[in-house]
Amino acid sequence: MRRVRLERNLRVPMPDGVTLLADHYAPAHGGPAPVILVRSPYGRRGMFGWYYGRGFARQGFHVVLQSCRGGFGSGGLLDPLGDEHDDGLATVAWLRKQPWYGGSFAMFGPSYLGYAQWAIAPYAGPDLKAMALQVTASQFRDAAYVGGAFALESALSWTTLTDGMSRRFGVAAGFTAPRLTRRAVLSGRPVAELDVASAGRPLRFYRDLLTHHADPAAPYWEKRDFSAKVGEVDAAVTMLGGWYDVFLPWQLKDYAALRAAGRRPYLTIGPWYHVDSRHGKPSMAEASAWFRAHLLGDFSGLRPDPVRIYVTGAGEWRDYPDWPVPGMREQRWHLQHGFGLGVKAPRESGPDRFRYHPSHPTPVIGGPVLLADSRPRDQRRLEQRRDVLVYSSPALEADVEAIGPVRAELFVRAGTPYVDVVVRVCDVHPDGRSLNVCEGVRRLGPEDGADGVRRVEVDLWPIGHRFRRDHRIRVHVAAGAYPTIARNPGTGDPLPSGGRMVPADVEVFHSPGRPSAVVLPLCAPRG
């Protein structure tokens, strides 16, 4: 095992006079070599130091592990997402002045650490040779307001986590934040007060999310959104994501932007959720091979095909030349009379109806959230509720394999123009278990439609899944998924502070003129 030399608490000056702290892990030779830069708001010790710092240094790289502004010894005030561009570029300028800087660098890290990479990658210069990003995206706004609905549980748990890490619990906040968040969202208090219920005090970033909910073009988000620049990144990029990760849809948009610009990124998607420890080992293995290739010229560790995905339901890994995978075709699975689901066009029939009560919002079982186990869970208890419509196919006569983006096209009418449309696809096993595969939401506002009927498109999470023979495909339609998304009060107030709530009587149509359907990305099954 190669020895590693560690120098702690290096002082890295920022242009505004603030000093950020960093730890430097040097390879045994100590001389100039490529650098791996990791910028984190979660500290520099424990897993970060041992796994990232020592792990890469033992392979011959210098590693700089830096605490972002406002935490773990770094000066200034924590302004999540707001300072990573300026601070990151200042850190790169500092790197270039170090005697051990070998003339090139790469960046590594998941989640916020990946966002910190995108914040500087288009501007970092030609000596940025490679990036390894996991469960992250170049902008977080769309994940905070998924489908226009506030991602309450993820937003509140993360702001509670960062507050706890900086003030009360240190790294133990990772265990306490989900529990505090769950207690807060079940308290019945208004959304605007849940940070106090969870963390015991107002949380700046949580309040910022509430304040800047409505306008995606606001200066607040413009400063924090690097998605428009993704295609300009010259560094070699490898991405790792999970089917149950909160950022997967936007990570795939970053992949598409790189492909549209003529780049050839690598992409791996596994059966993982955001805080899943199982993606740690493949993340390090893939990043190590990537850095050896693009910093040291050793391409022997790279796979031939750039895209590798795990097909759930089939239990196997597949390699492809691109995403979406070649040969994919869309197939419409129509909602049918009598709560059926099938590929045939629906016959003439009346709509199905349910009532959504915002004072008692439709709950959620599982699904992608930031700080929880998001693996599929049995939905049968949810399916018994009167505010969830359930459409099921007959038992499948052959395997159905769906790999790619998923969307729903529904025709709905509601008693209030302000309503959410939640759609979920499940795999029903022969023993009756109904496991969620993917889901999505769309928040509606006033819109004209014939007889009040609106055609609504809902983007669901992408999937790579095999529905096996004798299983059934099932679709849920609801108007809530609490606390994953904040309840819709039906009044037009996107984030109510309390007071009036208006129940919504919702109709879902399935007729030849209004053919509601889920559109699945079919691929020919292998094996």
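In this structure, Arg469 does not pair ionically with Asp399, as no charged nitrogen and carboxylate oxygen lie closer than 4.0 Å. The existence of a salt bridge linking Glu409 and Arg332 is confirmed by a sub-4.0 Å separation between a basic side-chain nitrogen and an acidic carboxylate oxygen. Contact check on Asp459 versus Arg442 returns no salt bridge, with no Lys/Arg side-chain nitrogen under 4.0 Å from an Asp/Glu carboxylate oxygen. Glu383 has no carboxylate O lying under 4.0 Å from a charged side-chain N of Arg380, or vice versa, which leaves the two without a salt bridge. Using a 4.0 Å cut-off between charged side-chain N and carboxylate O, Arg224 and Asp79 make a salt bridge. The pair Lys281-Glu286 does not count as a salt bridge, with every side-chain nitrogen at least 4.0 angstrom from each carboxylate oxygen. Under the 4.0 Å criterion applied to side-chain N and carboxylate O atoms, Asp319 and Arg308 are assigned as salt-bridge partners. Using a cutoff of 4.0 Å between basic side-chain nitrogens and carboxylate oxygens, Asp276 and Arg375 are not scored as salt-bridged. Salt-bridge check for Arg263 with Asp234: passed, with a basic side-chain N closer than 4.0 Å to an acidic carboxylate O.
Take Phe411 and apply the ring pair (Phe, Tyr, Trp, His ring centres under 6.0 Å) test, not counting sequence neighbours, and it matches no residue. Under the rule for a ring pair (Phe, Tyr, Trp, His ring centres under 6.0 Å), the partners of Trp461 that lie at least two apart in sequence or sit in another chain are Trp250. For the ring pair (Phe, Tyr, Trp, His ring centres under 6.0 Å) test, no residue two or more places apart in sequence or in another chain qualifies with Tyr482.
A side-chain N or O of Asp322 and one of Tyr255 form a donor-acceptor pair less than 3.5 Å apart.
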Yes or no on side chain to side chain donor-acceptor pair (under 3.5 Å) for Thr312 and His465, after CA distance, side-chain angles and deciding distance?
CA-CA 5 Å; Thr312 58; His465 186 75; 2.7 Å; yes
Given side chain to side chain contact (heavy atoms under 4.5 Å, CB included), test Val325 with Cys523 step by step and report yes or no.
CA-CA 8 Å; Val325 302; Cys523 295; 3.5 Å; yes
Under the criterion side chain to side chain donor-acceptor pair (under 3.5 Å), I'd like the reasoning laid out for Arg303 against Thr268: C-alpha separation, chi angles, the key distance, then a yes or no.
CA-CA 11 Å; Arg303 59 182 184 251; Thr268 300; 3.0 Å; yes
Show the numbers, then the answer: is there a side chain to side chain contact (heavy atoms under 4.5 Å, CB included) between Phe205 and Leu81?
CA-CA 9 Å; Phe205 186 51; Leu81 313 181; 3.8 Å; yes
In sequence, state the C-alpha distance, the side-chain angles, and the governing distance for Gln59 and Ser288, and then conclude on side chain to side chain donor-acceptor pair (under 3.5 Å).
CA-CA 8 Å; Gln59 300 178 54; Ser288 296; 2.8 Å; yes
So His274 and Ser374, side chain to side chain donor-acceptor pair (under 3.5 Å) or not? Walk me through it.
CA-CA 8 Å; His274 192 74; Ser374 300; over 6 Å; no
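Geometric assessment of Arg58 against the ring of Trp50 yields a positive cation-pi assignment under the 6.0 Å and 45° thresholds.
The only member of Phe61, Trp94, Trp100 that meets ring-ring contact (aromatic ring centres under 6.0 Å, His included) when paired with His24 is Trp100.
With ring centers used as reference points, Phe226 lies under 6.0 Å from Tyr115.
Distance alone, capped at 3.5 Å, is enough to place a donor-acceptor pair between the Ser393 side chain and the Ile473 backbone. Checked by atom type and distance alone, the side chain of Arg278 pairs as donor or acceptor with a backbone atom of Pro271 at under 3.5 Å.
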